[in-house]
Amino acid sequence: MTTHLTHWGAFDAESDGRRLTSVRGWEGDPEPSPLLANVASAQHDRTRVDRPYVRRGWLESGPGGVGRGDEEFVPVSWERAEELLAGELARVYREYGPAGVYGGSYGWASAGRFHHAQSQVHRFLNCLGGYVRSVNSYSLGAAEVLLPHVMGSMDWLERHSTAKSVLVRHTELLVAFGGISPKNSVVGVGGVSRHNTATWVGAARERGCRFVSISPLRDDMPANAEAEWIAPRPGTDAALMLALAQVLDAEGLADSAFLDQYTVGYPRFIEYVRGGDGVVKDPAWAESVTGVPAERIRGLAREMAASRTLITVSWSLQRARHGEQPLWLGVVLAAMLGQIGVPGAGFGHGYGSTCAVGEPARSYSVPRLAQGPNGIDRFIPVARISDMLLNPGADFDYDGRRLTYPDIRLVYWCGGNPFHHHQDLARLREAFTRPDTVVVHDAFWTATARHADIVLPATMSIERDDFGAGQQDRVLFAMPALTRPHGAARDDYSTFAGVAERLGVGKDFTEGRSSAEWLRHLYSEWRRPGVPDFDEFWARGSWEIPVPDEEQVLCADFRADPEAAPLSTPSGRIEIFSSAIDGFGYADCPGHPVWLEPEEWLGGAAARRFPLQLVANQPRAKLHSQLDVGEFSRSAKVAGREALRLHPDDAAARGVRAGEVVRVFNDRGSCLAGLAVDDAVRPGVAQLSTGSWYDPDPSDPSFCRHGNPNVLTSDRPASSLSQGCTGQLALVQVEALRGVVPALRIDRPPVMAE
């Protein structure tokens with residue numbers, strides 16, 4: 001057996017050289033993920049890209065977007081593909097410079113650290129002079145901009161979050177806004193060695209910790225938490241949190257000494273809560289907004305004040321219009337309780353959003369490939385790609401700056417799938433027609449590959465040598481190739497090395513090293529005293545990185561001495577009111593947290609036409625859209641489509657039954673889904689996970705046959721501050737499908753030239 005690493009866990013495998021014959025969870029993992037079943041079953045699926053291809057119209061007529069996404073592809077040799085790509089890159093850099101090239105490459109790519117697609121493409125483009133980059137993420141776009149103003153960087157918070165082992169021993173009440181999702185807990189950026197969510201939650205519950213899950217979905221919390229379920233209207237968590245703050249203030253339960261010593265701006269905020277704008281944010285007001293009974297809000301506030309309480313906010317809450325507000329309010333509530341820096345209490349962001357949160361920081365990072373300097377400083381927030389391509393030269397706001405969208409002529413995507421991550425896919429499809437050329441490396445014929453001009457086949461991680469470790473994970477794994485590559489697929493490094501040589505920057509990119517030599521070089525540069533040499537590490541298969549503080553508590557040093565250990569905020573304190581944000585003058589994100597009514601929610605006028613709140617959360621049977629053709633992913637589909645969950649009352653009101661194909665729609669688009677009826681979903685909610693490969697009707701790109709909810713979601717930003725993704729929530733209607741169910745096309749390769 002040979003061990004390998006994925007974003008959803010390590011596994012041991014056997015192979016016959018062409019395919020995996022046996023896959024099982026790594027022997028050191030107490031809770032291996034069923035997502036491992038997707039790896040072997042997807043490897044030789046008919047949707048694998050087996051050789052280089054070029055879109056016919058681009059090949060015959062030259063650069064331009066007409067026909068992109070619709071035309072057939074022509075197979076070409078690797079030599080011809082390299083020649084065409086090198087020629088087009090030379091033209092674009094000569095005529096438009098680095099500001100004409102967007103190095104998208106957003107996504108989780110491979111768990112390996114050397115064959116990490118984003119690092120490879122960015123290093124390659126930097127050798128040519130640079131590229132327009134993206135900043136922040138779809139998962140955390142609002143948080144990554146807001147938190148440095150309020151409490152500290154997202155990276156710092158994640159690395160220093162209170163250890164799960166501390167929560168097990170000390171937490172009395174854990175209030176989880178957005179829950180602690182079991183399905184999200186199985187994945188981690190870069191990989192997972194040991195899954196432990198069920199273990200730590202169960203141990204905390206057995207000791208006496210009480211869990212409260214505030215979410216539209218009952219199963220957003222592990223079953224062994226035995227959690228109380230509070231289900232407000234989706235998108236109204238900020239109103240609920242304001243009412244909790246009002247009770248703490250009105251009943252004298254707020255810790256004024258902590259607020260005075262460790263925070264700034266509390267008086268400005270609490271004046272608003274008390275009704276400075278004419279509305280007291282009390283539980284009666286919050287009940288009218290959220291649907292949660294006022295007495296339960298009042299009681300929860302008192303319980304929080306009487307217990308050692310951890311308030312955690314999932315990443316999902318900030319993926320919505322005004323998503324900064326509930327996140328900011330989570331910090332404020334924890335500050336009002338005065339328990340930040342106390343073992344088992346305070347604030348957490350993302351427990352259950354990824355397995356990394358709550359893992360104590362390791363002593364040192366892992367080897368990685370240097371990307372080199374970018375010759376230009378042009379960027380966009382990652383969720384604004386359609387705006388950029390559709391509006392070159394237009395101005396936009398971002399974190400107090402006024403920036404301008406560049407004029408992109410070539411998009412280079414290597415790793416990731418924007419037709420999964422992005423919202424309003426019909427608009428994205430239109431945006432993808434604007435560049436002269438789109439280049440994609442991929443192992444599969446995803447929607448992104450189908451909307452490219454040059455498609456280059458990439459290996460899966462099981463088809464190449466590498467090493468890897470997850471973010472915050474303490475085990476570095478050797479990842480020897482388990483099989484030979486599928487078809488004529490190459491690793492990205494080999495592809496870039498060949499094109500770089502044609503462009504005269506081969507030595508800059510490769511430094512004269514092969515892939516195998518790079519692995520040894522990076523490991524040797526990284527190696528610390530006591531760490532085995534490369535040959536011993538490779539033979540052993542893994543190395544455990546020490547963790548200096550198993551008892552890690554967020555903000556413990558700050559609490560002990562805020563002068564000696566200030567936060568990285570402008571004031572060094574927790575900023576309940578931010579002078580910097582206030583100075584930006586953004587109406588959609590003022591200087592302290594507030595309730596701002598979103599355009600699409602169950603209490604608004606738009607709900608009269610579209611009376612169901614779509615919750616487009618992460619899938620349970622795959623990571624994002626990775627390996628959607630895999631065995632476990634397919635097993636979770638209903639009638640071959642992504643499963644849409646409705647409460648029994650909502651299904652009955654529409655005359656639809658479990659197992660049927662239904663139509664989900666709003667003014668932006670529509671999709672088909674397979675219906676699942678489930679009382680774990682709040683009434684008025686339609687839950688449809690992301691991740692199904694976008695399968696549009698050629699005559700109507702706003703319609704997806706396969707169940708991708710991003711034909712329904714809005715491409716509006718969270719706010720002018722962050723420009724973050726808002727793909728979590730939208731209003732929709734569901735109806736029985738009339739007529740013949742159209743066949744899928746995404747489950748086979750696109751049309752090829754004879």
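Residue numbers run from 1 in the order of the sequence given.
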Go through L300 and I214 one step at a time and tell me if the side chain to side chain contact (heavy atoms under 4.5 Å, CB included) criterion holds.
CA-CA 11 Å; L300 181 59; I214 300 172; 4.2 Å; yes
Less than 4.0 Å between a side-chain N and a carboxylate O, is that true for E172 and R210?
no
Between E303 and R298, does at least one N-O distance fall below 4.0 Å, as a salt bridge requires?
no
Between D679 and R218, does any side-chain N to carboxylate O distance fall below 4.0 Å?
yes
Who passes side chain to side chain contact (heavy atoms under 4.5 Å, CB included) against A231, sequence neighbours left out?
W229, R682
What is the ring orientation for H7 with W108, classed by angle as parallel under 30°, tilted 30 to 60°, or perpendicular over 60°?
perpendicular
Could you go through R321 and E597, starting from their C-alpha distance and side-chain angles, then the distance that decides it, and tell me whether this counts as salt bridge (Lys or Arg N to Asp or Glu O under 4.0 Å)?
CA-CA 9 Å; R321 282 288 283 163; E597 183 176 335; over 6 Å; no
Using 30° and 60° as the class limits, which term best fits the ring planes of F269 and Y266: parallel, tilted or perpendicular?
tilted
Counting distance only, does the side-chain N/O of Q687 pair as donor-acceptor with the main-chain N or O of Q613 below 3.5 Å?
no
Does some side-chain heavy atom of L688 sit less than 4.5 Å from a side-chain heavy atom of L614?
yes
Among all residues two or more places apart in sequence or in another chain, which pass the side chain to side chain contact (heavy atoms under 4.5 Å, CB included) test with S625?
N417, H420, W693
If only atom types and distance count, is the side chain of N136 paired as donor or acceptor with the main-chain N or O of P381 below 3.5 Å?
no
What about W601 and W595, are their ring centers closer than 6.0 Å?
yes
Does R207 CZ have over 12 foreign heavy atoms under 6.0 Å away?
yes
Going by the rule side chain to side chain contact (heavy atoms under 4.5 Å, CB included), which residues pair with S137 if we only count those two or more places apart in sequence or in a different chain?
Y106, S139, L140, E144
